[in-house]
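Everything numeric here is computed off the predicted structure, so don't read it as measured data. FYI, side chains are in, hydrogens and waters are out, and symmetry mates aren't considered; it's all heavy atoms of this structure. Order of listing sets the numbers, starting from 1, for every ligand and every atom in it.
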Amino acid sequence: MTHSRPFRPLFLLILCFATFSTIVSAQVQIKPGRDPNQSIDQEYTNKIREYTTAPYFNSPLTDYLPAAPDVPTPKAVLGDVAGAPGKLPYAEDVYRYMRMLERASPRVKVYSIGTTEEGREMIAVAVASEQLLAKLEENRARLTKLADPRSINMDEAEADRLVAASFPVYYITGAIHSTETGSPTALMELAYRLAVDNSPYVKAIRDQMVTLITPVVEVDGRNRMVDVYNWHLANPNSNWPPLIYWGHYVAHDNNRDAIGLSLKLTRNVLNTYLSWKPQVLHDLHESVPYLYDNTIGDGPYNAWVDPILTDEWQMIGWHNVSEMTKFGMPGVFAHGNFDTWSPGYLMFIAATHNGISRLYETFGNAGADTVERTLSPNEYQRTWYRQNPPLPKAKWSQRNNNNYQQTALLTTMHHFANNGKLFLKNFYLKSKRSIDKPKNEGPAAYVLPGDELRAGNQAELLRTLQAQGVEISKATAPFTVEVKRKAGASNNARPAASPSPNASPTPTPKTEPRTFPAGSYIVRMDQPYSRIADALLDYQYWAPNDPQTDIYDDTAWTMGELANVEVVRVVDTKVLQAPMERIRNEIRSPGGITGTASTVYLINHNADNALVSFRYRLKDVEMEAAEEPFDAAGRKFNRGSFIIRRAPAEEVRRVAGELGIPVYAVADAPSVKTHPVRAARVAIMHTWINTQDEGWFRLGFDHLQVPFTYISTQDVSRDPNLKTKYDVILFGPVGRGAQAIINGLPMYGNPLPWRKTSLTPNLGGIDETDDIRPGLGWTGLQNLQKFVKDGGLFITVDDTSDFAVNLGFTAGVTTSRSSRLKAVGAILRTKTVDANSPIAYGYGDSLAMYCFNGAIYNINNGVGGRGPRSSQRATGRGTPDDPDVPQGRPPAEIPEPPPRVEVWEAPPVTDEQRRNAIGLIPPNQRPRVVLRYADSRDLFVSGLLDGGDEIAQHPAIIDVPSGNGHVLLFSTNPMWRGQTKGSYFLVFNAILNWDNLNAGRKLDAK
Ligand SMILES: [Zn+2]
């Protein structure tokens, strides 16, 4: 090392020259196409041509297959060429091929990168020249330094030396979306080409960079998709079942998990990214004809990524389009309606970690059939950014798709390889600028106070950041810094809350000093991965008048708000001087037993999610909930706190320690009214129409070890005695109306089985049926209503709440949907209306919740109609406050106006209603509003909110007694994408108190 230093200038000069000449020669000399001196696999080549439906759907890069003695082609596993009709390999077949390649070629290495929820393997395949592969580890060491410029003291010259010596890594991921079936075979063939093709064009890639390939990201879903396709091949004249399950929990949303990191596939790709330090993460999708490089997409771009990155998107993307246009391939474009705002996409792992995120949409047939495809005008019409659009109608094959995928990747990787030093230097610069954040754009840090009420939820949020590679420190002493001044008039519980978008700026000082206690967590922004922390912890603002009206996904994800823990953005760079130490271990909240008495155990209820795990882990221990706050052990306990009178001390200590729950041992139980907290028997009910949104509920329950039985609407249709099996039935959002839930799929044609058989070994395991078509039916509806009358709790969310309201589960509630309101995956503030309700236990007076144009509820004490409301005066004489006066008679006496009724309240019962009270709901059966949407000016927390007046103040969560049971309606969604952990406990409170939901209720007098 040391004696190479004097030679560095010369060394650099040579390398710079070499790099320059490479770019020039690449642009001038290297033409895409085969090496005439290398023989081709003629049989394979003939098949490529046969399966490509028109010559212009292929390119000089993929219209042949080079031959290499002793190296197997994909045919060795597929029995035909990649993209052949009727051939869809299982993930294991793809892996088998990659490992055959590894054995046959010194240019291929296969790595296991983890397993899925169902235990299947995920892999990454590295392909490069044997020279580069031999230097992988030393290259990784250099990339690690470039990724963390602090390690070289931000020394630019040293960075240049490292860049000169390094080669980049380009990471491609395929088949995250299981109905998008083409990329595994395309990537098998691509790996083969990269390993054996001697054409200068491909050789330039192999000799200058490492291609890293995960051919199947959603392995569980891939295998189910292949099952369905094989069933289709075996039943050629039948309709085939839609892919009702992809991964174990969710379908398409597996590409929205780069925020919550709840799925193993996200963790596995993230960990691979963090350990390989690739410069690009390029994810392959299939939903747009014929190739849309949606990296460029459309605005608004994510506000936290480096502008160097957005320039790279443009440079690489337009080059890609241009090269393919020259090949004469129609339908290749880069601009389109995908906005690049959310960091939830898998590819965004690179964007938020100083790499380059990329994504292709190609055109797939969801299977390997060759079929005539007819496009809609908006797909085939020429626009300014799509001068060579797709054809209105074309015969389309999986092979065409594979040609497009490989051609696009080879051209873009050739470009990338030839400009590898530029992109390596950019990688360094982006990392450096991330470290410079405090002294440039800021903030300096985020602080999570050491006196946080929900230490468990706080620790979980911090663990998610740690998994992102973010460094966390802990203050060893109190410190004082300037923070944004609290909004004075607001009565929000969260000091960090953003003001309403309509609020006028205030002239008061912008900051005020705040002292944070020792033990506060500090997320410093002078670290290489500051961008991901900044993007996740900050607030989002999507302007209601943004020119982008076709909003692609959620507009908000502010992690602290959704976790219900306080996160303070600190611009004051003094925070970086606070006494602190870097945390090396995974962050856990402390738990265990305080106090020596062993008669009674007390646990404060702060809506920390670990509490529900505790209840179910100790399911045989009797626990009670306090119905009022109390003081004990020298501290205050909230309403809902657990009181345990008899329990094995060692078990309590162990479980509380593992879950991070503080338990207080006292000699005597407090004298406070209590009711039992039972480990309720829970069923999660799904339809056979859509299982994704309820999948996020299953995931939340599984992660917190809350047991449940998984039932379908078909099971419910057959079971008139649901209450004998379950205490609670949870019905997550379906995305379809009541009619579809009742009817299911149309009963035309053949049955659509979803069952494990020898032909379909990967179906089943989650749930099974001989025919997915029948829905809940009217019998099922009756059974559900009987379940509630028998004393069960039925929990519904968003559209299934509409189902419950519209089908008569909830007397006194009406629901409507707005046309003006725009709350597109936004975070809105709710206010607690009835803190005595067990559903509100552990929460404060306000809570930020995820909302997607939630239902607008009104409640009433009578059945039918909204009831009387105070109205404006009619047209007539006088001022707005005067009575009108009919002329020619003495003025009549005006009755006392009804008392003022808030939007979330039912109007009081009138004498008219009571005269013949057929429709009057008895007081103990009336809807009980637990949470409501905040007032208009306080409603906005993060994301896009427009027309909020319409939903402001309306009920957000309503507990409706019905017979002996209850129906719980959510207008918001409490369990969404593993992000909303702060609102999970609304569901858990309902479950734990299912048979005492009337606790604390004040009944109307009449
Ligand atoms: Zn997709």
Which protein N, O or S atoms lie under 2.8 Å from the Zn ion (ligand 1)? His177 ND1, Glu180 OE1, Glu180 OE2, His285 ND1

Trp754 and Trp688 aromatic ring geometry - parallel, tilted or perpendicular at 30°/60° bounds: tilted

Quiz item: cation-pi between Arg698 and Tyr249, 6.0 Å / 45°: no

Between Trp240 and His232, what is the ring plane arrangement, given parallel below 30°, perpendicular above 60°, and tilted in between? tilted

Residues at least two apart in sequence or cross-chain that pass side-chain contact (heavy atoms from CB on, under 4.5 Å) with Ala251, listed by chain then number, are Trp246, Gln692

Parallel, tilted or perpendicular: which one describes the rings of Trp976 and Tyr850, with boundaries at 30° and 60°? parallel

Would you call the rings of His686 and Tyr245 parallel, tilted or perpendicular, taking 30° and 60° as the class edges? perpendicular

